[in-house]
Each structure stands twice: as structure tokens, then as C-alpha cells.
K.L.:
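I have a structure here, written as C-alpha cells, and I will follow up with some questions on it.
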2 protein chains.
Amino acid sequence: MMAAQAFGSDRPKGILIDLAGVLHTGNTPIPRSLAALHYLRRAKIPLRFLTNTTRSPRTSIVRMLAGMGFDVEESEIITAVHATRQHVQARGLHPHWLVHPDVRDEVGPDATEPNVVLLGDAGPHFSFEAMNTAFRLLMRGLPLIAMARNRYFQEADGLTLDMGAYVTALEYSAGVQATIIGKPAPAFFAAALADMNAAAEDALMIGDDLRDDVQGAQAAGIRAILVRTGKYRPQDETAPGERPALIADDFAAAVSAILGDSSLRLPTT
Amino acid sequence: MMAAQAFGSDRPKGILIDLAGVLHTGNTPIPRSLAALHYLRRAKIPLRFLTNTTRSPRTSIVRMLAGMGFDVEESEIITAVHATRQHVQARGLHPHWLVHPDVRDEVGPDATEPNVVLLGDAGPHFSFEAMNTAFRLLMRGLPLIAMARNRYFQEADGLTLDMGAYVTALEYSAGVQATIIGKPAPAFFAAALADMNAAAEDALMIGDDLRDDVQGAQAAGIRAILVRTGKYRPQDETAPGERPALIADDFAAAVSAILGDSSLRLPTT
């Protein structure tokens, strides 16, 4: 890794790690990522795992990661769903939720007299009827808040349409602009940093999404590494906007660069 | 009507009329529109009815209009579905269709090896699965053609999400830009004018959609009247872009202004 020294002499005091596309694809660990996380743990750097996945509650995410062999605590996972619930509670909002049934317990029931439309990734539950109900509330003047606006994510059988499509659909037809809670919102990164007492300039983000992970973190003052796994595409290396601090082949290569440690003896395949 | 003279001395040689929101709402004629169309027919000005509705074939539209008492020939109706079929045939395209089942007979089956994704207003059939299938084809590099990109339309029970939401959704996630066939595409207006041998400067458009009917026609060099029925909203009168040649309370008021004829004796309610 040509950039190993860049991080070796300036070891971060907190690392933010995206999950899907960085550690795993679907239910399969990305090669070398299990060993790399193990080595990173030994360096005793605080870690937080940031995900815009809004189809699953935090408990399911921990269970899914454990099933693949990743040892991650629930308290280390920062989800857009959790951040949304905090946002709603702090402001006393009464949402109409358009969300996946699996996170319904985490967000609570719909308000009888809603004053905001709140979108998660309903996935297969983005029915026309659900969309039209949300649209009509927006046309009555309710504001739109979205947990994320990701374009797509990597599934085992290919790229899949993410909730950003539906956020954009409602924005277009209702003539509104959504407030985004998850990545790349600066407040989302700031909450994760606060949770591990790290300053932005001492932290580092690792992600496979140039816009939401890398450039989002950089806009919040955090250095960021783009990995060439998950939804990464070669054109990301020449896309407009700020360049990543480093582009690494995968999570293991990123960890190796961060620790600047050639004795990592990570398996090479 | 203060602007009656503006049209009275310069009677159009062809009139393009939007359907939903101008002549009717759902299955109910808009007050005075039946009588107004009757008077307009007596003036022997060629008429064409332009609709971006892509949930119904032309035969159903004629039947629906007849059921309300409107005497309109199938050959007078120009639909975005019909224009799309002509576009596809002229270019020898092999579409994957995401359309309402009711227009499947009109567009034909999906190509086994599609080279274009073609969207109509699938309405309740805009399922996540159908959208994700279209998304994946777009990510393989297929271009996107949409019959229309209307934001919403007026139904009996309120405004309803139109296909523009789903066009925009796919554009966002796949990073593509759709080609639009129906209003406000200049080619769509041009085809309607050619069909009645009228030049743009001699024609007139009547619609309830400021952007797609009025400003679309004006961009094609056609004068246009906005009616205060259907999806019209008061803010349309101060919206950006070119102003309508006239804003009329309804279709009857528009006809009265066009014919400049105070002897119309249209019913006033």
C-alpha cells in the first residue's frame, strides 16, 4: 500500500465504518474483512459502525453480523433509524411513517394527526397506495423527512434500488425538499463522533459509497477511505467532488494502511 | 371575459384540448363543458384531444367520454401511449415495458432482449419489484424513455401521484435522464398539429397544467389558455416561466373567449 505511511504516523482516534459493501455483501463476509476487523480491534481504536440501512432494526443487524462471525456490539452501531427516532423525539414530531414493517417496533405507530411524513426504506412495501398516501399528506403542507437518500445498494444478486429513488419521487411530485437524517448529513457523522469522544480531525471514515460515505464524511471534516468493494464502481475514481484520502482495494487494505503495520500478516486472498 | 377580443379577431385554425381536468374530473363532466364543446363543434374548427394519461387505451378513453356525453372520435384523440408506439416502431426499438396492464395490448409484449426501458403510468402496478427490474436494466446501460413525466393528476377523491414521480425515481438512482414522449415534448404537439394540418401560429392549446399543457405548447410556438379547473392551483398564476395567453375560469369560458361570441348563451353555472 503506497499510502500506508500517510496514516501510520497519524493513527486515528476513532474510526467510522460502513457495513454493507465494506464488511459484507448480503450475508457473506467480504474476503479478509473478518481478519482485518480482528486486527483493528487489537489496536484499541474506538469503532462505530454507521449504516443507512433502514429496513432492519439494530438488534437484527447485530445478529446478522454475528452470524457471519463479526463481533460488533449493539452500542457500536449507529443507524439512520435510531438517529431518526432521536430527531423525532427531540422535536416532539408526530410522524406518518412510510417504513419497512421490520422497523415499525423501533419507530412506533403512525400519529392520528401527523405533522410530518417520515420515510425509511420500505423496500417491497413501497406500494403505489403507500406512496400516494404520503404524497397527499405532503400536498397538505406536511414537511418530508427521509432517513437516507441512497441511490442503490449491493445485494448478493446485484445492485438494488434504494430509498433515495422514492424520496426523490415524492420531492418531484409534491414540489418539496426532504431533510435527510442519515449519511451524508453532517449531524449524523457528528453524533457518531460524539458517541466515541473523537474530534472530526482525529477520526476516519471507511466506506464504499463515494458520495454518502466518503464525501459526506469529508464535508463533516473527517478523513475518508473509499474501498473498491460493494457499490464501488471504477468511475468513482474520476467522479466530481473531493477525492478520498485513500482508495483501498478492500477493508483489509484500508486497515493495513491505517495501522501502517506490515506485520499484519493478513491473508492475501 | 376581458380577453375575448384577443381571440375573436384571430380565430384559431386548430385547437388542442387536454382531457382530464379540462372536460371532466374522473367520470364527471366539469360544469358547462358539455355545452361548450357542443358550441365549439358548431364553429367547425378542427379539434384534437391531447392526453398524457397512459393508464388507458384510446378505445377506453372514447368510451369513457361517450359515457359522460362527450362526442369525440377515436381519430381525434392523441395519446402519449400511441405516440410512444409510433416512436418505438419508427426506430425499431425492443422495449422492456413498465406499463399499466390495460395498455399492454396497445404496446405489445416485452422484448426478450430489450434495448430500452419504456415507462407508462403503471399506477398501482408500480411495485418495488417492477421498479427494481427496470433499475437493473438501466444500470446495464439501457436508455430510459417515458411516456410522460406529469407530477400528479386530479381524481374524484383528490390529487393523485402521476408517473413523473417514478420516472424521476429511476433517473435519480440509475443516474440517467429520460426522453419524454407526451406533453410537454415539442414533437408530441407537432404531431397533433400535423394531424389536423394546422401551423403552430394558427393553433391554440387549452389545458389545466401550467407546465405540461400551457408552457409546453408555448415552447412549441402554440398559444395556450390555462383553465382554473382540474389540477390548476392559484399559485400557477404567479409561477415562473412564460404566462398563458389567457387564464379562463373553465373550458366554457375559454371557448367563449375563443369564439368571441356573446351570443353563445352558455349556461352560467
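Lettering of chains follows the sequences in order, A, B, ..., and the numbering in each one begins at 1.
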K.L.:
Between the main-chain N or O of B:Pro244 and the side-chain N or O of B:Gln215, is there a donor-acceptor pair closer than 3.5 Å?
P.N.:
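Checked: no pair found.
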
K.L.:
Side chain, backbone, both or neither: which part of A:Met131 has a non-hydrogen atom closer than 4.5 Å to chain B?
P.N.:
both

K.L.:
Would you check if the side chain of A:Lys183 reaches a backbone N or O of A:Leu50 as a donor-acceptor pair within less than 3.5 Å?
P.N.:
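Yes; judged by distance alone, with no hydrogens or angles, the pair exists.
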
K.L.:
Would you say B:Glu237 and B:Tyr232 are linked by a side-chain donor-acceptor pair, where the criterion is simply a distance under 3.5 Å?
P.N.:
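Yes, B:Glu237 and B:Tyr232 have a side-chain donor paired with an acceptor closer than 3.5 Å.
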
K.L.:
Which members of residues 19-27 of chain A, sorted by number, sit under 4.5 angstrom from chain B on a heavy-atom basis?
P.N.:
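Interface residues of residues 19-27 of chain A: none, nothing closer than 4.5 Å to chain B.
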
K.L.:
Give a yes or no on this: more than 12 heavy atoms of other residues, nucleotides or ligands lie within 6.0 Å of atom CD of B:Glu129.
P.N.:
no

K.L.:
Are the side chain of A:Thr51 and the backbone of A:Thr53 linked by a donor-acceptor contact shorter than 3.5 Å?
P.N.:
yes

K.L.:
Can you tell which of B:Ala169, B:Gly164, B:Ser127, B:Ala134 has the highest number of heavy-atom pairs within less than 4.5 Å of chain A?
P.N.:
B:Ala169

K.L.:
Side chain, backbone, both or neither: which part of B:Ala122 has an atom under 4.5 Å from a heavy atom of chain A?
P.N.:
neither

K.L.:
Is it the case that more than 12 heavy atoms not belonging to A:Arg140 sit under 6.0 Å from its CZ atom?
P.N.:
no

K.L.:
Would you say the rings of B:Phe126 and B:Tyr166 are close, in the sense that their centroids are separated by under 6.0 Å?
P.N.:
yes

K.L.:
Quick check on A:Phe135 against chain B: is it the side chain, the backbone, both or neither that has a heavy atom closer than 4.5 Å?
P.N.:
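Side chain only.
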
K.L.:
Does A:Asp121 offer a backbone N or O that forms a donor-acceptor pair with the side chain of A:Thr54 under 3.5 Å?
P.N.:
yes

